[in-house]
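No hydrogens, no waters, no symmetry mates; every other heavy atom, side chains included, goes into these values.
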Amino acid sequence: MQWGQIKVLFILSFLVLDIFLLNQFMEKQQASELGPIATANSEDFEDELENNNIKVSWDNIPTEVPSVPQTISSGSEFSEGILSQIQQLREGDEQTVAVQNNSVLKGKLDEPVEVTEENVEEQVNRVVPFSNQYEYWNWNKEEGVILFFQKKNERTIFYNSGGFLMLQVADGKITSYIATLISFSDGEEQASSSSTKDPQLIQPSKVIQKLMDEEHLVSGDEVTNMTVGYYNSINLVPGEENGPQVFAPTWKVTVNGEKILFVYAITGAIIDEEESAFIEKINRSFNLSVNNTPAPLVDNEKSNEETNNGVSNE
């Protein structure tokens, strides 16, 4: 048996084990963390909100808990269709692009593109033709970057280094960018337990109760929006570690219209994730400089061609 086949067997074995342990963990977490609030009735909950001076914009919160399955990625590589679009960028004369290990795209614009809050999605689509794979997240003007996160089933995958688009902005103009995409197989597997039913997600009121109990919500706060996306606490760096990941449904809770909190929608565990920390991680993981400018572009496709022709990259 070839070493490559052995590696595949190891990866599949660990994936099965990971799924089993994840479900065991989630079942225990749900029982231990949500037990005290599972029986709380709506009247008690409303009284506690009032006593703590916390408001909830119920019009922006789902009245029915959505059915969102856990899902497994097959890696973090660009599809043939995406690679074809990247090739068109390479053949154009508006930007210099490079693909590393078929999983990381770095681009530098020959002429920076002006962008505003009103046209950010339109302008980004001009720069990155497959930007519809992502959802606009935020323009962090302090860090000088615009962030997009990949979508799956029209739901956002929060803060994952395998599925993001980060554009560098200077003086109101996009100058360069870096992009990755998580890949999912056509016959998408679901990381559910022995039951074929989708896992039951925690109701919004119980999530809010949990955040109050752990003092993530304080007097004067207002929960202004809640939606469900996906999150994975183990981020594999594309090009360095490229394996499957299990993504769990996760509540995104918006407080006061700007503060974002994340809560696993099955276990109720609160997730500690900060935008500035994610940007720093991307800068470090993908060898970006302090001002977020991509390091000198090295195209693995061209490097392979040069190597095959007897030309060294050094």
Side-chain angles (χ1 to χ4, degrees), residues 73 75-79 81-90 92 94-109 112-117 119-141 143-170 172-184 229-232 235-239 242 245 247 252 260 273 275-289 291-295 297 299:
S73 69
S76 184
E77 291 185 336
F78 297 123
S79 66
I82 298 298
L83 289 173
S84 176
Q85 290 180 290
I86 293 173
Q87 181 61 31
Q88 292 177 19
L89 291 176
R90 182 182 285 122
E94 295 182 351
Q95 54 181 286
T96 304
V97 300
V99 180
Q100 298 177 351
N101 301 311
N102 282 347
S103 58
V104 181
L105 169 64
K106 292 182 179 181
K108 184 175 178 59
L109 305 188
V113 173
E114 192 166 348
V115 64
T116 66
E117 294 278 4
N119 67 8
V120 57
E121 294 183 66
E122 177 185 350
Q123 294 295 74
V124 168
N125 191 53
R126 283 183 53 199
V127 174
V128 185
F130 54 91
S131 65
N132 62 347
Q133 299 285 325
Y134 309 88
E135 181 173 75
Y136 174 55
W137 182 256
N138 186 38
W139 183 343
N140 190 317
K141 295 186 178 180
E143 298 284 350
V145 302
I146 294 174
L147 273 177
F148 282 71
F149 291 153
Q150 186 175 344
K151 297 182 294 185
K152 172 61 177 172
N153 299 328
E154 296 304 313
R155 297 189 180 277
T156 308
I157 299 175
F158 306 121
Y159 290 110
N160 193 283
S161 57
F164 75 95
L165 168 62
M166 188 170 84
L167 304 103
Q168 290 74 47
V169 181
K173 296 181 179 180
I174 300 171
T175 59
S176 56
Y177 63 90
I178 181 169
T180 63
L181 271 175
I182 302 163
S183 49
F184 294 89
Y230 287 107
Y231 185 81
N232 179 290
N235 273 232
L236 302 180
V237 179
N242 192 17
Q245 299 180 68
F247 292 90
K252 171 196 169 191
I260 306 294
E273 189 68 75
E275 184 174 286
S276 58
F278 179 77
I279 293 173
E280 181 182 353
K281 177 184 177 181
I282 295 304
N283 290 340
R284 183 175 62 253
S285 298
F286 295 96
N287 192 27
L288 305 185
S289 62
N291 63 356
N292 297 331
T293 301
L297 298 174
D299 193 320

What pair of heavy atoms forms the shortest contact from [X] to [Y], and how long is it?
X	Y	result
Phe158	Gly229	CE1-CA, 3.6 Å
Leu105	Phe130	CD2-CZ, 3.7 Å
Phe149	Ile157	CB-O, 3.4 Å
Ser161	Phe278	N-CE1, 4.0 Å
Met166	Val145	CG-CB, 3.9 Å
Leu89	Tyr177	CD1-OH, 3.7 Å

Indicate yes or no for a side-chain donor-acceptor contact from [X] to the backbone of [Y] under 3.5 Å, with no hydrogens or angles considered.
X	Y	result
Thr180	Gly163	yes
Gln95	Val127	yes
Asn153	Arg155	no
Thr156	Lys151	no
Ser176	Gln168	no
Gln150	Ile182	yes
Lys106	Phe286	yes
Gln123	Thr116	no

Kindly compute the distance separating [atom1] ([X]) from [atom2] ([Y]), expressed to the nearest 0.5 Å.
X	Y	atom1	atom2	result
Asn160	Asn232	CG	CG	6.0 Å
Gln245	Tyr231	CD	OH	10.5 Å
Glu135	Lys152	CD	NZ	15.0 Å
Glu114	Asn119	CD	CG	8.0 Å
Gln85	Gln88	CD	CD	6.5 Å
Leu147	Tyr134	CG	OH	12.0 Å

The ring pair (Phe, Tyr, Trp, His ring centres under 6.0 Å) partners of Phe148 (sequence neighbours excluded) come to Tyr136

What's the verdict on side chain to side chain contact (heavy atoms under 4.5 Å, CB included) for Ser276 and Ile279, showing C-alpha distance, side-chain angles and the deciding distance?
CA-CA 5 Å; Ser276 58; Ile279 293 173; 5.8 Å; no

Measure up the Phe247 and Tyr230 rings against each other and bin them: parallel (under 30°), tilted (30 to 60°), perpendicular (over 60°).
perpendicular

Sorted by chain and number, sequence neighbours left out, salt bridge (Lys or Arg N to Asp or Glu O under 4.0 Å) with Lys281 holds for none

The salt bridge (Lys or Arg N to Asp or Glu O under 4.0 Å) partners of Lys141 (sequence neighbours excluded) come to Glu117

